[in-house]
Chemist: 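Pasting a structure below so you can have a look.
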Amino acid sequence: WRLVLGDSEAESGVAGGSDFHLDSYNNDGTYRNLVLHANRDTSAVTITAPATPHNAILSLNKLALTGQTSTLQGRANGSLRWEVSLGDVVAEGGANSGSNFRINSYNDAGAFLNAPVLIDRKTSQVTITSAPPVGSPMLAINKLASGQASSIQGMTAGSVRWQMSLGDGTAESGTNVGSDFRLQRYTNTGTLIDVPVWVQRNTGATILTGSPATQKPILAINKTASG
């Protein structure tokens, strides 16, 4: 290993050059790669792995199963703004519980606001939360071009069962045409069966489809009590 506290990069401007880096070497003492590089001017930190099959990894290892977190923080003038926990403070209690993934947000004073994203390690349940009083929980799916789809899929062992498109692949053109809403169903092999619900964005027309031919489209409205 070699730790360089100011490399040979020429100094320029206010703080350019003389960067920090950590180098690794092979067993025969020959240079291997630059593992970690910190730019003195921008404070940008880059972690690099050698050629495949290696991966560049920043590993955060907490030493106790209770009361500790593995966390990355983003700050402004030393005050917390965001915190990403790759294993939060929730105690591990067997059966894969605890050490959940969460993203925490903080106010201008660095005080905790809420956890916009929480993923339970045991169940993989994802919870999206907004900050009161005006916020609304939102999962935004942004497609970059007309003809693409913004979709959510439900799968079984990697095979699609349902797909909900919040803007399908129908090309957009004047007067609000395209990017329709669709709910699609699939066979056990992941092959499209049909589109039980299709709502056209430009007209609001809703089309219900049934399959096979003997099955008529049904819209069932069930009231739970008389009156």
Side-chain angles (χ1 to χ4, degrees), residues 1-93 96-122 124-131 135 137-145 148 150:
W1 295 95
R2 184 176 71 147
L3 182 67
V4 181
L5 302 172
D7 64 7
S8 59
E9 183 72 22
E11 296 188 4
S12 62
V14 176
S18 291
D19 296 339
F20 170 98
H21 58 89
L22 177 65
D23 299 329
S24 69
Y25 290 79
N26 295 312
N27 289 344
D28 62 3
T30 56
Y31 178 77
R32 184 170 178 80
N33 76 307
L34 190 158
V35 178
L36 187 148
H37 174 263
N39 186 292
R40 188 168 62 97
D41 184 28
T42 65
S43 295
V45 177
T46 304
I47 297 175
T48 306
T52 55
H54 305 288
N55 297 311
I57 296 175
L58 173 62
S59 181
L60 306 176
N61 180 36
K62 55 184 182 179
L63 299 179
L65 301 181
T66 303
Q68 294 184 346
T69 65
S70 296
T71 301
L72 300 173
Q73 293 183 339
R75 295 175 176 259
N77 289 325
S79 182
L80 266 175
R81 292 296 181 264
W82 293 95
E83 184 175 63
V84 179
S85 291
L86 304 171
D88 66 5
V89 73
V90 177
E92 296 189 12
N96 306 319
S97 64
S99 289
N100 303 315
F101 174 93
R102 70 169 65 220
I103 300 176
N104 295 329
S105 65
Y106 294 80
N107 65 20
D108 290 347
F112 177 76
L113 281 174
N114 71 330
V117 180
L118 170 64
I119 304 178
D120 188 286
R121 187 169 65 96
K122 179 179 180 179
S124 295
Q125 176 176 312
V126 179
T127 303
I128 298 176
T129 305
S130 69
M138 179 181 294
L139 173 62
I141 303 175
N142 179 36
K143 56 183 182 179
L144 299 179
Q148 299 178 342
S150 296

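All residue numbers refer to positions in the sequence shown, counting from 1.
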Chemist: When you compare the side chain of L36 with that of F20, does any pair of heavy atoms fall below 4.5 Å?
Modeler: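 In contact.
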
Chemist: Measure across R121 and G98 and return the closest heavy-atom pair with its distance rounded to 0.1 Å.
Modeler: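 So the minimum-distance heavy-atom pair works out to NE-O, 2.8 Å.
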
Chemist: With R40, which of D19, D7, V14 fulfils side-chain contact (heavy atoms from CB on, under 4.5 Å)?
Modeler: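 Considering D19, D7, V14, a side-chain contact (heavy atoms from CB on, under 4.5 Å) with R40 is found only for D19.
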
Chemist: Rounded to the nearest 0.5 Å, what separation is found between the CG atom of L22 and the NE2 atom of H37?
Modeler: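 NE2 of H37 is found 12.0 Å from CG of L22.
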
Chemist: Scan side-chain atoms only and decide if N61 and S59 contain a donor-acceptor pair under the 3.5 Å cut-off.
Modeler: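 Per modelled atom types, N61 and S59 side chains form no pair under 3.5 Å.
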
Chemist: Say you draw a straight line from CD1 of I103 to CD1 of I119; how long is it, rounded to the nearest 0.5 Å?
Modeler: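 So the gap between those two atoms works out to 7.5 Å.
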
Chemist: How far apart are the closest heavy atoms of N104 and A115, and which atoms are they?
Modeler: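 The answer is OD1-CB, 3.4 Å.
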
Chemist: Find the distance between CZ (R32) and CG (D23) and round it off to the nearest 0.5 Å.
Modeler: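 Rounded to the nearest 0.5 Å, the CZ-CG separation comes out at 12.5 Å.
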
Chemist: Measure across G87 and K62 and return the closest heavy-atom pair with its distance rounded to 0.1 Å.
Modeler: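 Heavy atoms only, the tightest pair is O-NZ, 3.5 Å.
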
Chemist: Enter the distance from Y25:OH to W1:CH2 here, rounded to the nearest 0.5 Å.
Modeler: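 That separation rounds to 11.0 Å.
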
Chemist: Measuring from F101:CZ to D88:CG, what's the distance to the nearest 0.5 Å?
Modeler: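 The distance works out to 10.5 Å.
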
Chemist: With sequence neighbours left out, what residues match E9 under side-chain hydrogen bond (donor to acceptor under 3.5 Å, both in side chains)?
Modeler: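 E9 satisfies side-chain hydrogen bond (donor to acceptor under 3.5 Å, both in side chains) with no other residue.
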
Chemist: Taking N26 for the side chain and G29 for the main chain, is one N or O donor matched with an acceptor at less than 3.5 Å?
Modeler: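 Answer holds: no.
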
Chemist: If the condition is side-chain hydrogen bond (donor to acceptor under 3.5 Å, both in side chains), which residues does S85 pass it with, not counting sequence neighbours?
Modeler: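 Partners of S85 by the side-chain hydrogen bond (donor to acceptor under 3.5 Å, both in side chains) criterion, ordered by chain and then number, come out as T71.
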
Chemist: If I take atom CG from residue L86 and atom CG from residue L60, how far apart are they, to the nearest 0.5 angstrom?
Modeler: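 Taking CG in L86 and CG in L60, the distance rounds to 6.0 Å.
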
Chemist: Is a side-chain N or O of N33 found less than 3.5 angstrom from the main chain of T48, in a donor-acceptor match?
Modeler: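 A pair under 3.5 Å: yes.
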
Chemist: Go through the side-chain N and O atoms of N114 and S105 and say whether any donor and acceptor fall under 3.5 Å apart.
Modeler: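 There is such a pair between these side chains.
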
Chemist: For the residue pair D120 and K122, what are the closest heavy atoms and their distance?
Modeler: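 For D120 versus K122, the nearest heavy atoms are OD1-N, 2.9 Å.
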
Chemist: Side chain of S79, backbone of G110: donor and acceptor closer than 3.5 Å?
Modeler: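 Yes; at least one donor-acceptor contact below 3.5 Å.
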
Chemist: Q68 and L63: which non-hydrogen atoms are nearest, and at how many Å?
Modeler: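 Of all heavy-atom pairs spanning Q68 and L63, the closest is OE1-N, 2.9 Å.
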
Chemist: With side chain to side chain contact (heavy atoms under 4.5 Å, CB included) as the test, would you mind laying out the steps for L118 and N100 before giving the verdict?
Modeler: CA-CA 7 Å; L118 170 64; N100 303 315; 4.1 Å; yes

Chemist: Assess whether atom CG of N27 is packed by more than 12 heavy atoms of other residues, nucleotides or ligands within 6.0 Å.
Modeler: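 Counting neighbours around CG of N27, 12 or fewer heavy atoms of other residues, nucleotides or ligands fall under 6.0 Å, so no.
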
Chemist: Is a donor on one side and an acceptor on the other found under 3.5 Å between the side chain of R81 and the backbone of D108?
Modeler: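 Side chain of R81 to backbone of D108: a pair is present.
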
